[in-house]
Visitor: 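This is the structure I want to talk about, given as structure tokens.
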Amino acid sequence: MKTSNFPIFTVKSDPSDAEVVSHKLMIKSGMIRKLSSGQYTWLPLGLRVIDKIQDIVRNELNRIDCREILMPLIQPNELWKESGRWSEYGPELLRFKDRHEREFCFGPTFEEVITDLLRQDLSSYKQLPINLFQISTKFRDEIRPRFGVMRSREFIMKDAYSFHASASCLDISYSKYMKAYKNIFNSLMLDFTMVDADSGNIGGSESHEFHVIANTGEDDLLLDDSNNGMNIEIAKEKYQEENLEKIVGKSGMTLKKGIEVGHIFKLGTKYSKPMNLRFTDENSKINDVFMGCYGIGISRVVAAAIEQNYDDKGIIWPKTMSPFQVALIELDSKKNTGIREYTENIYKALKNNGVDVIHDNRDLKLGNKLADWELIGIPNILIIGQKETENKNITLKRRDEEEKREVASEFINDSSLTV
RNA sequence: CGGGGUGUAGCGCAGCUUGGUAGCGCGGCUGGUUUGGGACCAGUAGGUCGUAGGUUCGAAUCCUAUCACCCCGACCA
């Protein structure tokens with residue numbers, strides 16, 4: 001990839017309407033632009049980060065044999081009436097009529113649609129378990145969207161659903177997802193915790209939340225020294241206490257702020273029963289299907305990762321979700337074709353090595369280019385100008401190091417440049 | 001929905017109190033000099049001052065309405 005055909009839209013000044021650091025940095029680095037409140041366009045740079053996260057999520061879900069599907073964004077109200085949520089779900093559910101006066105809603109979550117899907121094709125216990133997921137844009141008409149993509153109305157979510165012949169099978173699957181989620185957030189290199197949670201609007205018997213720990217988080221968590229614990233609603237119930245300070249005293253644990261990036265639920269038969277999703281078991285008996293559902297806020301993960309990894313220069317990406325592994329800066333190439341040739345060779349060699357590299361061939365000064373790539377947060381910056389071309393070496397500036405250093409051109413084979 | 005705030009050039013802002021026909025920084029474009037941490041000089045383009053109405057000889061400025069956006073709260077994955 002070269003900057004000549006990969007638009008870089010960095011800006012110098014802080015956007016006037018951004019409050020939290022992730023929102024500011026996502027705008028400044030040119031990852032997103034606002035369309036209207038709670039709705040953002042993902043630019044090429046931002047979308048690369050989304051893609052990196054999705055790759056990791058897909059990989060882990062494939063490992064537990066969860067298969068990908070894609071469901072429509074707009075859903076007919078009949079299904080929601082069947083489940084009872086047409087009346088239960090608040091104004092967050094954006095409803096509208098089509099030209100035939102049929103009522104629809106924008107999908108905030110997909111239990112109804114997938115339950116309907118499965119009841120058409122599921123009949124026997126021999127087909128179970130079934131695990132499906134999708135990654136798609138969801139819409140929730142938030143009371144107050146805020147903090148950029150942290151709490152937006154349109155957002156990208158991975159939602160998975162599992163279907164089982166019994167509660168014990170659901171339990172087994174639930175722990176598989178729990179493990180997969182831990183793998184996902186470990187792969188994303190985030191400081192996170194899993195806590196006992198309230199199942200809220202989605203419903204069901206048991207649920208756990210995954211939080212990225214960050215001071216700017218909107219959720220209160222009660223955690224012990226190893227960051228195990230529960231969300232604050234559960235804590236209030238458990239300790240029969242509303243006052244947060246008293247809860248801390250009673251529990252001996254600490255209050256921390258978290259950004260909820262994942263939530264897993266044991267739904268049981270909450271949807272299968274009212275919507276008649278049933279199967280015939282080995283004794284020819286008809287039973288309700290046991291279900292689980294498992295969400296990850298992909299777009300929110302991006303913001304959460306930044307809240308946890310930045311400095312005064314900009315973002316510091318965990319390498320697994322960085323839009324690029326290497327920014328290759330070419331200097332002064334106008335006056336000396338040897339520089340261009342040497343840089344081009346390094347670029348090609350990096351690509352041949354499978355390094356995810358962006359070649360900055362813009363006609364800008366070193367300071368401008370460094371500032372851009374440090375703002376964007378690329379882990380490795382390689383600089384090539386007159387000096388390096390003559391010495392046949394490269395200057396390396398790591399995002400997490402203060403000083404630049406000269407390395408031999410063979411450095412392009414270094415394993416630290418790949419994920 | 002309640003409270004607070006902001007809308008002026010692509011971005012960030014000043015001007016508004018005290019009405020006289022719009023300015024600064026950054027960015028853009030052209031030319032030149034530069035070039036290893038956000039260069040300099042010269043020139044140039046770009047704005048129905050959120051929108052609508054009103055007051056006035058005259059409105060970015062005063063009045064009314066309205067819309068959008070941000071913050072706090074209630075709510076929520």
Side-chain angles (χ1 to χ4, degrees), chain A residues 9-20 23-24 27-28 30 33-39 88-93 107-111 138-159 197-204 207-212 217-219 231-233 258-265 293-301 304 313-314 329-336 339 362-375 381-391 394-397 402-406:
Chain A
F9 294 129
T10 52
V11 289
K12 280 187 186 173
S13 47
D14 279 348
S16 62
D17 56 359
E19 190 76 5
V20 296
H23 188 190
K24 286 181 186 172
I27 299 286
K28 288 175 77 172
R33 289 292 181 259
K34 183 169 72 182
L35 173 64
S36 73
S37 184
Q39 298 184 268
E88 280 171 24
Y89 220 102
E92 258 192 6
L93 186 66
T109 176
F110 283 72
E111 284 78 13
K138 310 295 191 286
F139 189 96
R140 294 183 188 173
D141 196 1
E142 289 288 336
I143 293 178
R144 182 151 83 88
R146 67 187 115 169
F147 305 152
V149 299
M150 190 88 83
R151 175 172 297 280
S152 51
R153 306 205 300 165
E154 272 194 52
F155 57 100
I156 302 168
M157 183 166 98
K158 183 284 298 177
D159 46 328
D198 191 27
S199 49
N201 227 339
I202 309 293
S207 96
H208 291 86
E209 290 171 350
F210 290 77
H211 287 262
V212 167
E218 292 187 87
D219 298 315
N231 80 13
I232 202 64
E233 282 74 30
I259 300 167
E260 186 187 347
V261 288
H263 202 155
I264 58 178
F265 305 80
C293 77
Y294 318 88
I296 290 180
I298 303 281
S299 41
R300 185 182 281 183
V301 166
K313 287 177 178 164
I329 293 179
E330 173 181 314
L331 287 176
D332 298 330
S333 52
K334 264 189 173 172
K335 71 174 181 189
N336 180 333
I339 298 174
R362 296 175 298 172
D363 186 21
L364 292 174
K365 301 183 72 168
L366 175 64
N368 288 291
K369 296 193 177 195
L370 280 174
D372 268 0
W373 295 114
E374 284 170 338
L375 171 63
I381 298 173
L382 300 180
I383 304 165
I384 292 176
Q386 184 83 47
K387 201 170 68 183
E388 290 79 5
T389 304
E390 281 165 10
N391 300 336
I394 307 172
T395 297
L396 166 71
K397 169 68 176 67
E402 270 305 305
E403 299 300 322
K404 292 192 269 289
R405 49 190 160 112
E406 290 184 12

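Both backbone and side-chain heavy atoms feed into the values below; hydrogens, waters and symmetry mates do not. By convention in this document, chain letters (A, B, ...) are assigned in the order of the sequence lines, proteins followed by strands, and residues within each chain are numbered from 1. All values derive from a computational prediction rather than experimental measurement.
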Visitor: Between B:A74 atom P and A:Arg151 atom CZ, what is the distance in whole Å?
Guide: 12 Å
Visitor: When rounded to the nearest Å, what value does the distance between P atoms of B:G23 and B:A45 take?
Guide: 13 Å
Visitor: When the distance from CD1 of A:Ile27 to P of B:G10 is rounded to whole Å, what number comes out?
Guide: 17 Å
Visitor: What does B:A42 pair with, Watson-Crick or G-U, if both distances are under 3.5 Å?
Guide: B:U30
Visitor: If I take atom CD in residue A:Glu260 and atom C1' in nucleotide B:C75, what distance separates them, rounded to the nearest angstrom?
Guide: 14 Å
Visitor: If I take atom CD in residue A:Glu233 and atom C1' in nucleotide B:A77, what distance separates them, rounded to the nearest angstrom?
Guide: 12 Å
Visitor: In whole Å, what separates the P atom of B:U48 from that of B:A60?
Guide: 13 Å
Visitor: Could you run through nucleotides 33-47 of chain B and give me one letter per nucleotide, 5' to 3': B if any protein heavy atom sits under 4.0 Å from the base, S if only the sugar-phosphate is that close, - if neither?
Guide: --SBBBB--------
Visitor: How close or far is atom P of B:C76 from atom CZ of A:Phe155, stated in whole angstroms?
Guide: 15 Å
Visitor: What integer number of Å spans the C1' atoms of B:C26 and B:A14?
Guide: 15 Å
Visitor: Is it true that the side chains of A:Glu388 and A:Thr395 contain a donor and an acceptor less than 3.5 Å apart?
Guide: yes
Visitor: Is it the case that the side chains of A:Asn231 and A:Glu209 hold a donor-acceptor pair, with the cut-off being a distance below 3.5 Å and no angle test?
Guide: yes
Visitor: When you compare B:U35 with B:G47, how far apart are their C1' atoms, in angstrom units rounded to a whole number?
Guide: 35 Å
Visitor: Identify the nucleotide, in any strand shown, that forms a Watson-Crick or G-U wobble pair with B:U56, with both distances under 3.5 Å; if there is none, say none.
Guide: none
Visitor: Going by modelled atom types, is there a donor-acceptor pair between the base of B:C76 and the side chain of A:Arg140 at under 3.5 Å?
Guide: no
Visitor: Rounded to whole angstrom, note down the P distance from B:G5 over to B:A9.
Guide: 23 Å
Visitor: Go along nucleotides 67-72 of chain B 5' to 3' and tag each nucleotide: B for a protein heavy atom under 4.0 Å from its base, S when only backbone or sugar atoms are that close, - otherwise.
Guide: --SSBB
Visitor: Can you tell me which residue among A:Arg300, A:Arg140, A:Glu142, A:Gln39 is in a side-chain contact (heavy atoms from CB on, under 4.5 Å) with A:Phe155?
Guide: A:Arg140
Visitor: Using both distances under 3.5 Å as the test, list the Watson-Crick or G-U wobble partner of B:G73, or none.
Guide: B:C1
Visitor: Could you pull out all residues at least two apart from A:Lys28 that satisfy salt bridge (Lys or Arg N to Asp or Glu O under 4.0 Å)?
Guide: A:Asp14
Visitor: Which one is paired to B:U6, where only Watson-Crick or G-U wobble pairs with both distances under 3.5 angstrom count?
Guide: B:A68
Visitor: Among residues at least two apart in sequence or on other chains, which ones pass salt bridge (Lys or Arg N to Asp or Glu O under 4.0 Å) with A:Arg405?
Guide: A:Glu401
Visitor: Send over the distance from A:Glu111 CD to B:A77 P, rounded to a whole Å.
Guide: 11 Å
Visitor: Does any nucleotide pair with B:C24 by Watson-Crick or G-U wobble geometry, both distances under 3.5 Å, and what is it?
Guide: B:G12
Visitor: Quick one: which of A:Lys313, A:Arg362, A:Lys365 gives a salt bridge (Lys or Arg N to Asp or Glu O under 4.0 Å) with A:Asp372?
Guide: A:Arg362
Visitor: Please give the distance between the P atoms of B:G27 and B:C11 as a whole number of Å.
Guide: 15 Å
Visitor: Is there a donor-acceptor pair under 3.5 Å between the side chain of A:Arg33 and the backbone N or O of A:Ile27?
Guide: yes
Visitor: For atom C1', what is the distance between B:U18 and B:C40, given to the nearest Å?
Guide: 41 Å
Visitor: Please identify each residue that fulfils salt bridge (Lys or Arg N to Asp or Glu O under 4.0 Å) with A:Asp159, with sequence neighbours left out.
Guide: A:Lys138
Visitor: Can A:Lys24 and A:Glu19 be counted as an ion pair, charged N to O under 4.0 angstrom?
Guide: no
Visitor: What integer number of Å spans the P atoms of B:C16 and B:G54?
Guide: 26 Å
Visitor: Figure out the NE2/P separation between A:His211 and B:A77, and round it to whole Å.
Guide: 11 Å
Visitor: NA contact type, A:Glu209, heavy-atom cut-off 4.0 Å: base, sugar-phosphate, or nothing?
Guide: nothing
Visitor: Could you tell me if A:Glu111 and A:Thr109 have a donor-acceptor pair between their side chains, going purely by distance under 3.5 Å?
Guide: yes
Visitor: Can you list everything that forms a salt bridge (Lys or Arg N to Asp or Glu O under 4.0 Å) with A:Glu218? Sequence neighbours excluded, please.
Guide: A:Arg146, A:Arg151
